[in-house]
Amino acid sequence: MADASCHCGAVKFTLQFAPRQITDCYCSICRRYGALWAYYAPEEVNFTTEDDRTETYMWDDHSIRLHRCKTCGCVTHWSPVEPARNRMGINARMLDPVVVADASLRHFDGADTESYIGE
């Protein structure tokens, strides 16, 4: 298990396991946020704070909600709009660096080609 939180601690969550892969997406929003995404099924993430601790932002095709802490502004995760989509993204920068040290890093060109670079 791995614990994570935003800078101020208002948004806290536990992952069932440390990420094995982390994605650095180069789309216009992810590169501005500086997020590194680890992907999980929603049932593999346990939020220990109330939903009202975050505010959301949607862009492009409105298929995901980007969540940020209302207090410190850290982008903590994204959740799918469609409940049937069994995948969410956790900003790995909310985790202790020791937790992500062994994860492989993938680079995703979300701006132009929608493909992983070098794969």
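Values below: every heavy atom of this structure, side chains too, minus hydrogens, waters and symmetry copies. Remember, it's a predicted structure, so these values are computed and weren't measured experimentally. Here, residue 1 is the first one in the sequence, and each next residue gets the next number.
How far CD of Gln21 is from CG of Leu105: 9.5 Å, rounded to the nearest 0.5 Å. Residue Lys70 holds its NZ atom at 9.5 Å from OG1 of Thr56, rounded to the nearest 0.5 Å. With rounding to the nearest 0.5 angstrom, the CZ atom of Phe108 is 10.0 Å from the CD atom of Glu119. With values rounded to the nearest 0.5 angstrom, Tyr33 atom OH is found 13.0 Å from Arg31 atom CZ.
Note: Trp78 and Trp37 have perpendicular aromatic rings, judged against thresholds of 30 and 60 degrees for the angle between ring planes.
Nearest heavy atom pair, residue Cys6 against residue Cys69, reads SG-SG, 3.8 Å. The two residues Thr71 and Ala10 make their nearest non-hydrogen contact at OG1-CB, 4.3 Å. Minimum interatomic distance between Pro19 and Ala38 (heavy atoms only, all atoms of both residues): CB-CB, 3.6 Å.
The shortest distance between side-chain heavy atoms of Leu15 and Leu95 falls below 4.5 Å. Between Phe47 and His77 the shortest side-chain heavy-atom distance falls below 4.5 Å. The side-chain heavy atoms of Cys74 and Met94, taken from C-beta on, include a pair separated by under 4.5 Å. Side-chain contact between Pro42 and Asn86: present, with at least one pair of heavy atoms (C-beta onward) separated by less than 4.5 Å.
By the rule that hydrophobic residues join a cluster once side-chain heavy atoms approach within less than 4.5 Å of another member, Ile22 and Phe13 end up as members of one cluster. Both Val75 and Trp59 belong to a single network of hydrophobic side chains, linked directly or stepwise wherever heavy atoms of I, L, V, M, F, W or Y lie under 4.5 Å apart. In the hydrophobic clustering of this structure, Val45 does not group with Ile64; members are Ile, Leu, Val, Met, Phe, Trp, Tyr whose side-chain heavy atoms approach within less than 4.5 Å, directly or through other members. Under a hydrophobic clustering in which Ile, Leu, Val, Met, Phe, Trp and Tyr are joined whenever their side-chain heavy atoms come within less than 4.5 Å, directly or via other members, Met88 and Val81 fall into different clusters. Tyr40 is not connected to Leu66 by any chain of hydrophobic side-chain contacts under 4.5 Å among Ile, Leu, Val, Met, Phe, Trp and Tyr, and they are in different clusters.
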Stepwise, does the ring pair (Phe, Tyr, Trp, His ring centres under 6.0 Å) test hold for Tyr116 with His107? CA-CA 6 Å; Tyr116 285 94; His107 299 279; 9.5 Å; no
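Looking only at distances, no side-chain donor or acceptor of Arg53 sits under 3.5 Å from a matching main-chain atom of Thr49. Distance alone, capped at 3.5 Å, is enough to place a donor-acceptor pair between the Asn91 side chain and the Leu36 backbone. With hydrogens and angles ignored, the 3.5 Å screen pairs a side-chain donor or acceptor of Gln16 with a backbone N or O of Glu43.
Under the 3.5 Å distance criterion, with hydrogens and angles disregarded, a donor-acceptor pair is assigned to the side chains of Asp3 and Thr14.
Residue-environment remark: CG (Asp61) exceeds the threshold of 12 foreign heavy atoms within 6.0 Å. The number of heavy atoms from other shown groups lying within 6.0 Å of CD (Glu114) is above 12.
Annotation: cation-pi geometry satisfied between Arg87 and Tyr39 (NZ/CZ under 6.0 angstrom from ring centroid, within 45° of ring axis). With Phe17 as the aromatic partner, Arg20 meets the cation-pi criteria of under 6.0 angstrom to the ring centre and within 45 degrees of the ring axis.
Screening Arg68, His67, Arg65 against Glu55 for a side chain to side chain donor-acceptor pair (under 3.5 Å) leaves a single residue, Arg68.
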